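Notes follow the structure.
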Amino acid sequence: MHLYQDQELKIYNSLNGKKEVFTPLNEGHIGMYVCGPTVYSNVHLGNCRTFMSFDMIFRYFRHLGYKVRYVRNITDAGHLVDDAEDGEDKIAKKARLEKLEPMEVVQRYTVDFHTILQKFNFLPPSIEPTATGHIIEQIEIIKDILEKGYAYEINDSVYFDVSKFNEDHEYGKLSGRKLEDMIANTRELTAQDEKKSPQDFALWKKAEPQHIMRWPSPWGDGFPGWHLECTAMSTKYLGETFDIHGGGMDLKFPHHECEIAQAEACNGHSPVNYWMHANMLTLNGKKMAKSTGNSILPGEIFSGNNALLSKAFSPSVVRFFMLQAHYTSILDLSNDALLASEKGFNRLMDGLKILKNLDTAKSSDFDVPAWKKKCYEAMNDDFNTPILIAQLFEAVKHINAIKEGRENISLEDKNELQTTMNAFVFDVLGLEDKNDNEGDTDTLSSVVELLIQLRKEARDNKDFATSDKIRDQLAAVGIQLKDGKEGTTFSVS
RNA sequence: GGCAUCGUGGCCGAGUGGCUAGGCGCAGCUCUGCAAAAGCUUGUACAGCGGUUCGAAUCCGCUCGAUGCCUCCA
């Protein structure tokens, strides 16, 4: 009945480094939590890649018929800037610099985040909770951890006691680290650190008088620690144990490791069945990061307004570019790679258009059911979008052959092909055909059609000077004429 | 220094113990008044050195190189 019932989906689980058959806790339902952005500046393209990977995964689950509760948070408090000594909140710091209220900063960049994701055609998550909206839940968790003896209070701050936790649990199992090694490798230079051990992490930090973002708590005015919000919100909306927890590779340690520790300290068992980590988007071979300035903003790609780019690229092209790599691989951004993706993307879209008007025959030379099966196999093998896309191009090849009369397709196969292509291209990959959503297209096309008509007359009269002038002038304003067998068409770049 | 990942043809990027991934570029062809666009055809690559094996780019070891994490980070 549902597609997922006859598919065996495998997911690479970062927790054990193995591809495992995915079985949700409750049949037909999936709980998925993904760490969202810290909204203290504009989202850069690297951030988008992680969220895009999970958007694709969310879309595929839905395509298979699962009911998914997809929670992606907004971090609007709790991240310390610089070292613990400074102890200033990232949001608060930015607010001071820009003379804004902290929540004004949060609002501005949350809006930016949503705007960009919308351009990329992201599906909204089921719930998008904020850290500041869950202070009470976070305080409750701290109390619980304190009660169970895995945390200690000192100078109005509360820290998680990693060594204590490691006595009866395994700290470091996600990132493959051993606490003894970590201790052995720590430099003993953090002199006035109030923590018992450098590995301990803050659950609650005391707010200094000048600190703007602060909340009352049993330990005095302060703010929650780095890793607590995700534990609080994932537990609240998905339960003590849920199916999938995702995020960027760079969050694996310490963030996700600490989440596991917090949840295990509270509930005594691991919170997540499948950990998924999306790999980094690099620029010039280096990780994109706001802090180092090695980053590119989505807006710069859409406008072409960046020294690295020779032209503007549409959101769908960028999306296509990213999905041509597997989500667990590092992907390097370059102008050449985007250019190549744009060509490929157009080829795919053209194929889709040709498919609509294809003539059918009694039999098929293209084994559509076998092809369809390969598409699903690709996606069921840990969401292998590059292989899926290769299969889509395989289909385009056949579509072109059918169009040119070198192959045939039956009506039944054509419908099957069209349904499957549309499902994967638009529903699962989330691509959009840019050429069918502009309002003034009708006016434009009638004007261009007129010019095409005039050019045809000139050509018929062998007045090539005039015909070439029309062609070249149109090209200069970005309208390319395409002379085909059945007349001339055009495309706007 | 520790932990982890990776090194594939001109570029991007899959995959894998023996069977053409794919996209782009280049070249050739078709089409065209000429172009462009489009379509077709074409590439035996897997860092280096050893080892295991009938057979490895794929497994093991070492060397070299790159990246990520170890501090906020998608």
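Bear in mind the structure is a predicted one, so any value in this text is a computation, not a measurement.
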TODO: Determine the Euclidean distance between corresponding C1' atoms of G43(B) and C62(B); express it in Å to zero decimal places.
DONE: 33 Å

Open item on the list: Students often get this wrong, so: under 4.0 angstrom with heavy atoms, is G176(A) touching a base, only sugar-phosphate, or nothing?
Closed with: sugar-phosphate

- [ ] Indicate, with yes or no, if the rings of H227(A) and H256(A) have centres closer together than 6.0 Å.
- [x] no

TODO: Begin with the C-alpha distance, continue with both residues' side-chain angles, and end with the deciding distance and a verdict on side-chain contact (heavy atoms from CB on, under 4.5 Å) for N279(A) and R49(A).
DONE: CA-CA 8 Å; N279(A) 220 137; R49(A) 158 122 111 140; 4.1 Å; yes

TODO: Measure from NZ on K252(A) to P on U71(B) and round the result to the nearest Å.
DONE: 17 Å

Task: Same-atom distance (P) from U71(B) to U63(B), integer angstrom - done: 27 Å

Open item on the list: Once you apply a heavy-atom cut-off of 4.0 Å, does H44(A) come out as touching a base, just sugar-phosphate, or nothing?
Closed with: base

Open item on the list: Please report the distance, rounded to the nearest Å, between CZ in R347(A) and C1' in G23(B).
Closed with: 9 Å

Open item on the list: Check the orientation of F253(A) and Y171(A). Use parallel for under 30°, tilted for 30 to 60°, and perpendicular for over 60°.
Closed with: perpendicular

TODO: For G23(B) versus C31(B), give the span between their C1' atoms, rounded off to a whole number of Å.
DONE: 24 Å

TODO: For U58(B), give its Watson-Crick or G-U wobble partner with both distances under 3.5 Å, or none.
DONE: none

Open item on the list: When both hydrogen-bonding distances must be under 3.5 Å and the geometry is Watson-Crick or G-U wobble, what is U32(B) paired with, if anything?
Closed with: none

Task: Whether S175(A) side chain and K252(A) backbone form a donor-acceptor pair below 3.5 Å - done: no

Open item on the list: With a 4.0 Å cutoff (strictly under), does any side-chain N or O of K374(A) reach OP1 or OP2 of A21(B)?
Closed with: no

TODO: Figure out the OH/C1' separation between Y40(A) and C72(B), and round it to whole Å.
DONE: 7 Å

Task: Whole angstrom value for the distance that separates P of A74(B) from NZ of K286(A) - done: 20 Å

- [ ] Compare the ring of F464(A) with the six-membered ring in the base of G33(B) and state whether they stack (centres under 5.5 Å, planes under 30°).
- [x] yes

- [ ] Report which part of the nucleic acid G36(A) touches: base, sugar-phosphate, or nothing (heavy-atom distance under 4.0 Å, all strands).
- [x] sugar-phosphate

Task: Any N279(A) side-chain nitrogen or oxygen under 4.0 Å from OP1 or OP2 of G68(B) - done: no

Task: Residue closer to the 5' end of RNA chain B, K287(A) versus A278(A) (nearest nucleotide) - done: K287(A)

- [ ] Specify the residues of residues 315-330 of chain A, ordered by number, for which at least one heavy atom lies under 4.0 angstrom from an atom of RNA chain B.
- [x] Q324(A), A325(A), H326(A), S329(A), I330(A)

Open item on the list: Please report the distance, rounded to the nearest Å, between NE2 in H245(A) and P in A74(B).
Closed with: 13 Å

Open item on the list: Quick check for you: to the nearest 0.5 Å, what is the distance between H114(A) atom NE2 and K119(A) atom NZ?
Closed with: 14.5 Å

TODO: Could you work out the separation of U67(B) and G28(B) based on their P atoms and round it to a whole Å?
DONE: 39 Å

Open item on the list: Could you tell me how far G25(B) sits from U32(B) if I compare only their C1' atoms? Round to whole Å.
Closed with: 23 Å

Open item on the list: Counting only heavy atoms from other residues, nucleotides and ligands, does the tally under 6.0 Å from CD of E449(A) exceed 12?
Closed with: yes

TODO: Answer yes if the ring centres of Y376(A) and F424(A) are under 6.0 angstrom apart, and no otherwise.
DONE: yes

Open item on the list: Once hydrogens and angles are ignored, does a donor-acceptor distance under 3.5 Å link the base of C70(B) to the side chain of R177(A)?
Closed with: no

Task: Integer-rounded Å distance: A4(B) C1' and D181(A) CG - done: 13 Å

TODO: Find which nucleotide of RNA chain B each of M288(A) and I387(A) is nearest to by heavy atoms, and output the residue with the more 5' nucleotide.
DONE: I387(A)

TODO: Whole angstrom is fine here: how far is it from NZ in K462(A) over to P in U32(B)?
DONE: 12 Å

Between the protein and nucleotides 34-37 of chain B, which nitrogen or oxygen pairs come in under 3.5 angstrom?
unit_1	atom_1	unit_2	atom_2	d
C34(B)	N3	R471(A)	NH2	2.4
C34(B)	N4	R471(A)	NH2	2.8
A35(B)	N6	D483(A)	OD2	2.4
A35(B)	N1	R471(A)	NE	3.4
A35(B)	N3	R471(A)	NE	3.3
A35(B)	N3	R471(A)	NH1	3.2
A35(B)	N3	R471(A)	NH2	3.3
A36(B)	O2'	Q480(A)	NE2	2.6
A36(B)	N1	D483(A)	N	3.2
A36(B)	N1	D483(A)	O	3.4

Task: G17(B) to G13(B) separation - C1' atoms, rounded to the nearest Å - done: 22 Å

TODO: Check the surroundings of atom NZ in K311(A): do more than 12 heavy atoms from other residues, nucleotides or ligands lie under 6.0 Å from it?
DONE: yes

Open item on the list: Can you tell me if K397(A) touches the phosphate of C40(B), counting only side-chain N or O atoms and a distance under 4.0 Å to OP1 or OP2?
Closed with: no

Open item on the list: Taking U58(B) as the reference, what is the distance to C19(B) when you measure between their P atoms (whole Å, please)?
Closed with: 14 Å

TODO: Remember a base hit wins even if backbone is also touched, and classify L338(A) as base, sugar-phosphate or nothing at under 4.0 Å, heavy atoms.
DONE: nothing

TODO: Send over the distance from N335(A) CG to C24(B) C1', rounded to a whole Å.
DONE: 13 Å

Open item on the list: Classify the ring geometry of W275(A) against H245(A): parallel below 30°, tilted from 30° to 60°, perpendicular beyond 60°.
Closed with: parallel

TODO: Look through every strand shown and name the nucleotide pairing with U41(B) as Watson-Crick or G-U wobble, where both distances are under 3.5 Å.
DONE: A27(B)

Open item on the list: Please report whether the ring centroid of F160(A) lies less than 6.0 Å from that of F165(A).
Closed with: yes

Task: Among A74(B), C69(B), C40(B), the nucleotide that comes nearest once only the side chain of T38(A) is considered - done: A74(B)

Open item on the list: For the backbone of K173(A) and the side chain of E257(A), can you confirm whether one donor and one acceptor N or O come within less than 3.5 Å of each other?
Closed with: yes

Task: Rounded P spacing from A47(B) to C12(B) in Å - done: 15 Å

Open item on the list: Any strand counts, and the cut-off is 3.5 Å on both contacts for Watson-Crick or G-U wobble. Which nucleotide pairs with C3(B)?
Closed with: G68(B)

Task: Short side-chain donor-acceptor distance under 3.5 Å, H134(A) and E229(A) - done: no

